[in-house]
Trainee: 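This is the structure, below, for whatever I ask next.
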Amino acid sequence: MSKQNDAAQPSRRRLLQGLGVLGGAAALAGGCPFHAAAAGERFSPGTVTPGARQQVQPFYGAHQAGILTPQQASMMLVAFDVLATEKTELERLFRLLTQRFAFLTQGGPAPVVQNPQLPPMDSGILGADIAPDNLTITLSVGHSLFDERFGLGAHKPAQLQAMTRFPNDSLDAEQCHGDILLQICANTQDTVIHALRDIIKHTPDLLAVRWRRDGFIADHAARSNGKETPINLLGFKDGTANPDTQNSALMDKLLWVTADQQEPAWARGGSYQAVRIIRFHVEMWDRTPLGEQQTIFGREKLSGAPLGMQHEHDVPDYRSDPDGERIALDAHIRLANPRMPETESSLMLRRGYSYSAGITGAGQLDMGLLFICYQHDLTKGFITVQKRLNGEALEEYIRPIGGGYFFALPGVTDKSHYLGQLLLQA
Ligand SMILES: C=CC1=C(C)c2cc3[nH]c(cc4nc(cc5[nH]c(cc1n2)c(C)c5CCC(=O)O)C(CCC(=O)O)=C4C)c(C)c3C=C
Ligand SMILES: [Fe+2]
């Protein structure tokens with residue numbers, strides 16, 4: 001359980017105890033926090049759990065939500081160019097975003113304007129009640145925000161840089177980088193789209209969309225609250241070997257910028273976010289023998305177990321397999337994490353989503369992975385691991401086409417603060 005979830009836990013326990021359904025409801029709710037009052041209102045006899053639309057993630061905290069949060073079913077990445085040209089306007093943008101995120105993630109009645117001469121204040125696509133629906137909106141900044149426009153150059157996170165091409169990449173400039181990136185996640189796609197529409201409606205003079213991608217994981221995996229690993233569009237469980245997000249000491253060690261990093265003080269509590277839009281050649285993959293597919297990843301397709309082992313979470317022992325007889329030396333998992341003391345510094349938290357976006361110009365299925373990972377050191381984390389993966393057997397079936405490097409801002413501690421405040425005041 002993340003620190004943020006811990007904070008929400010007591011009210012949820014009270015709610016469920018009040019309803020007399022703690023055992024069954026807790027199992028079905030998957031341990032997620034609920035909006036106590038709203039869920040209570042909506043609970044009707046015969047219902048085992050309050051509606052998932054009332055599931056709520058806390059907005060205030062040392063870290064932003066949407067990073068340690070168990071993956072919701074729907075996700076959107078949207079990168080923006082900032083239209084503001086001076087620092088005061090950037091401050092207005094960050095204050096506005098903070099206010100919108102705080103409202104949208106907690107939910108409430110949709111604002112109503114009776115005057116038919118004016119545009120409605122809300123798109124209306126969620127109806128009269130804007131349910132929280134487990135929504136998180138995570139704000140990250142790109143390296144371009146630190147150019148001359150806002151005078152922030154001296155305060156740039158030390159490792160924030162433009163993503164450059166790796167050997168297997170075919171990067172499309174229109175799907176790369178951005179001054180800011182929003183990662184919007186919720187139980188349902190309509191909530192994600194509502195949030196995006198709300199944000200765009202409130203920022204016409206401040207933001208222009210640069211690129212956008214929609215992602216998903218299976219609903220049952222999302223509802224398991226992190227217990228069931230999502231399956232990617234190559235048919236493999238993806239996320240098995242992630243570090244334990246409930247272990248806050250480990251998260252401080254791997255994920256969050258702390259005083260131990262050579263980073264500006266304002267960045268503490270934030271995290272480097274690497275995003276890669278990776279297209280799959282699924283037609284070719286689906287004609288590849290099962291054995292070869294498994295050799296490429298180093299895991300069993302169905303169970304997700306490392307090859308030669310029984311269970312998904314069994315830990316591969318590479319020292320007893322020095323020549324790669326069980327798990328090939330160029331298997332994805334072996335290159336990504338050789339599990340040696342000297343490669344411990346490259347551990348990261350992955351939070352990937354599948355995408356499916358019609359067909360390519362060449363008539364092939366356009367689908368793949370929105371790879372997202374978080375770490376406190378971009379060079380030791382993503383960049384080092386990607387360099388180890390260069391030339392891997394999987395490359396024949398994938399093509400990275402976009403993305404970028406971003407820095408997820410520290411969280412907002414309470415109502416009197418806004419996202420990015422310490423950066424702007426540095
Ligand atoms: C640079 C980092 C990584 C990229 C890019 C990447 C792409 C990528 N991964 C899969 C599928 C799987 N990855 C798995 C494990 C895994 N991948 C990375 C890193 C990157 N993957 C790491 C650090 C790990 C964990 C390795 C370990 O600790 O053993 C797996 C196995 C299951 C799991 O642990 O998640 C799969 C499957 C695809 C399809 C892909 C891009 C196309
Ligand atoms: Fe991977």
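Start at 1 and go down the list; that is how both ligands and their atoms are numbered.
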Trainee: Can an N or O of Gln386 be found at a distance shorter than 3.5 Å from an N or O of ligand 1?
Mentor: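 Checking ligand 1 against Gln386, no N or O pair falls under 3.5 Å apart.
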Trainee: Using non-hydrogen atoms of the residue, decide whether Arg350 is closer than 4.0 angstrom to ligand 1.
Mentor: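 Contact present.
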Trainee: Taking N or O atoms only and a 3.5 Å limit, does Ala336 qualify as a polar contact for ligand 1?
Mentor: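 Min N/O separation from ligand 1 is not below 3.5 Å for Ala336.
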Trainee: Tell me, please: is Arg334 in heavy-atom contact with ligand 1, that is, under 4.0 Å?
Mentor: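 The answer is no, since Arg334 has no heavy atom less than 4.0 Å from ligand 1.
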Trainee: Would Ala241 count as being in polar contact with ligand 1, using the rule that some N or O on each side must be under 3.5 angstrom apart?
Mentor: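 Looking only at distances, the answer is yes, because the N/O contact criterion of under 3.5 Å is met.
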Trainee: If only atom types and distance count, is the side chain of Tyr355 paired as donor or acceptor with the main-chain N or O of Arg213 below 3.5 Å?
Mentor: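 It does not hold such a pair.
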Trainee: Decide whether the shortest distance between a heavy atom of Tyr397 and an atom of ligand 1 is less than 4.0 Å.
Mentor: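 For ligand 1, residue contact (heavy atoms, under 4.0 Å) with Tyr397 is absent.
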Trainee: As an exercise, state the distance from CG of Leu423 to NE2 of His155, rounded to the nearest 0.5 Å.
Mentor: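 Answer rounded to 0.5 Å: 7.5 Å.
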Trainee: On a heavy-atom basis, which atom in Asn187 and which in Asn134 lie closest, and how many Å separate them?
Mentor: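 The answer is OD1-ND2, 3.1 Å.
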Trainee: Which protein heavy atom lies closest to atom 35 (O) of ligand 1, and at what distance to 0.1 Å?
Mentor: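 Result: Gly239 N, 2.5 Å.
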Trainee: Identify the heavy atoms of Gly178 and Ala79 that sit nearest to each other, and give their distance.
Mentor: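 Taking Gly178 first and Ala79 second, the nearest heavy atoms are CA-CB, 4.4 Å.
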Trainee: Could you tell me whether the side chains of Thr288 and Gln293 share a donor-acceptor contact shorter than 3.5 Å?
Mentor: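 Checked: Thr288/Gln293 side chains show no N/O donor-acceptor pair below 3.5 Å.
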Trainee: Check whether the side chains of Asp133 and Thr188 place a donor and an acceptor atom closer than 3.5 Å, and report yes or no.
Mentor: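 Asp133 vs Thr188: donor-acceptor pair found between side chains.
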Trainee: Is Lys237 close to ligand 1, meaning an N/O of one under 3.5 Å from an N/O of the other?
Mentor: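 N/O-N/O distance below 3.5 Å does not exist for this pair.
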Trainee: Between the side chains of Gln261 and Tyr272, is a donor N or O closer than 3.5 angstrom to an acceptor N or O?
Mentor: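 The answer is no; no qualifying pair exists.
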Trainee: Give the numbers and elements of all ligand 1 atoms closer than 4.0 Å to a heavy atom of Ile278.
Mentor: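 Numbered from 1, ligand 1 contributes 41 (C), 42 (C).
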Trainee: Among all protein heavy atoms in this structure, tell me which lies nearest to atom 42 (C) of ligand 1, with the distance rounded to 0.1 Å.
Mentor: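 That would be Phe280 CE2, 3.3 Å.
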Trainee: When you measure from atom 20 (C) of ligand 1 to every protein heavy atom, which one gives the shortest distance, and what is it?
Mentor: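 Protein heavy atom at minimum distance: Phe371 CE1, 3.5 Å.
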Trainee: Atoms of ligand 1 less than 4.0 Å from Phe236 heavy atoms?
Mentor: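 Near Phe236, meaning under 4.0 Å from one of its heavy atoms, ligand 1 has 37 (C).
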Trainee: With respect to Arg339, determine whether any N or O atom, backbone or side chain, lies less than 3.5 Å from an N or O atom of ligand 1.
Mentor: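 Yes: some nitrogen or oxygen of Arg339 is under 3.5 Å from one in ligand 1.
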Trainee: Can Gln183 and Ser140 be counted as having a side-chain donor-acceptor contact under 3.5 angstrom?
Mentor: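 Looking only at side-chain atoms, Ser140 and Gln183 do not form any donor-acceptor pair under 3.5 Å.
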Trainee: Considering only protein heavy atoms, which is closest to atom 40 (C) of ligand 1, and at what distance to one decimal place?
Mentor: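 Nearest protein contact, heavy atoms only, for atom 40 (C) of ligand 1 is Leu369 CD2, 3.6 Å.
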Trainee: Output the list of atoms in ligand 1 that are nearer than 4.0 Å to some heavy atom of Asn337, sorted by atom number.
Mentor: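 In order of number, 26 (C), 27 (C), 28 (O).
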Trainee: Ring centroid separation for Phe297 and His332, is it under 6.0 angstrom?
Mentor: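 Centroid distance Phe297-His332: below 6.0 Å, so yes.
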Trainee: Got a second to check how far Gln425's CD is from His417's NE2, nearest 0.5 Å?
Mentor: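 Answer rounded to 0.5 Å: 8.0 Å.
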Trainee: Nearest 0.5 Å please: distance from the CG atom of Asp190 over to the OG atom of Ser74.
Mentor: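 With rounding to 0.5 Å, CG (Asp190) is 8.0 Å from OG (Ser74).
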Trainee: List the closest protein heavy-atom neighbour of atom 9 (N) of ligand 1: residue, atom name, distance to the nearest 0.1 Å.
Mentor: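 Checking every protein heavy atom, the shortest distance to atom 9 (N) of ligand 1 gives His332 NE2, 3.0 Å.
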Trainee: For the Fe ion (ligand 2), find the closest N/O/S atom belonging to His332 and write down its atom name.
Mentor: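 Atom name of the closest N, O or S in His332: NE2.
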Trainee: Can you tell me which portion of Asn232 lies within the under-4.0 Å heavy-atom range of ligand 1? Options are side chain, backbone, both, or neither.
Mentor: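 Under 4.0 Å from ligand 1, Asn232 contributes side-chain atoms alone.
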Trainee: Just say parallel, tilted or perpendicular for the rings of His63 and Trp256, cut-offs at 30° and 60°.
Mentor: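 Answer is parallel, since the angle falls under 30°.
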Trainee: Should Met163 and Phe382 be marked as a side chain to side chain contact (heavy atoms under 4.5 Å, CB included) after you check the CA-CA gap, both sets of side-chain angles, and the distance that decides it?
Mentor: CA-CA 11 Å; Met163 182 180 78; Phe382 175 79; 5.7 Å; no
Trainee: Among all protein heavy atoms in this structure, tell me which lies nearest to atom 33 (C) of ligand 1, with the distance rounded to 0.1 Å.
Mentor: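 Among all protein heavy atoms, the one nearest atom 33 (C) of ligand 1 is Thr240 N, 3.3 Å.
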Trainee: Mark up the atoms of ligand 1 that fall under 4.0 Å of a heavy atom belonging to Leu389, in ascending order.
Mentor: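 Those qualifying, in numeric order: 1 (C), 2 (C), 3 (C), 4 (C), 20 (C).
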Trainee: Compute the minimum heavy-atom distance from Arg276 to ligand 1 and say whether it is under 4.0 Å.
Mentor: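 So Arg276 does not count as touching ligand 1.
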Trainee: Could you tell me whether Lys415 atom NZ has more than 12 heavy atoms of other residues or ligands within 6.0 Å of it?
Mentor: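 For Lys415, atom NZ is not crowded (no more than 12 foreign heavy atoms under 6.0 Å).
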Trainee: With heavy atoms of Arg299 as the reference, note each atom of ligand 1 found under 4.0 Å away.
Mentor: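 Under 4.0 Å from Arg299, ligand 1 has these atoms: 31 (C), 32 (C).
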Trainee: Are Leu126 and Arg53 side-chain neighbours, meaning at least one heavy-atom pair lies under 4.5 Å?
Mentor: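 Yes; the side chains approach each other to less than 4.5 Å.
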Trainee: Which of the numbered atoms in ligand 1 are below 4.0 angstrom from a heavy atom of Val385?
Mentor: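 Answer, ordered by atom number: 1 (C), 2 (C).
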Trainee: Answer with side chain, backbone, both or neither: which part of Asp238 has a heavy atom less than 4.0 angstrom from an atom of ligand 1?
Mentor: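 Contact part for Asp238 vs ligand 1: both backbone and side chain.
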Trainee: For Ile398, take its heavy atoms, then give the atoms of ligand 1 lying under 4.0 Å from any of them.
Mentor: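 Those qualifying, in numeric order: 42 (C).
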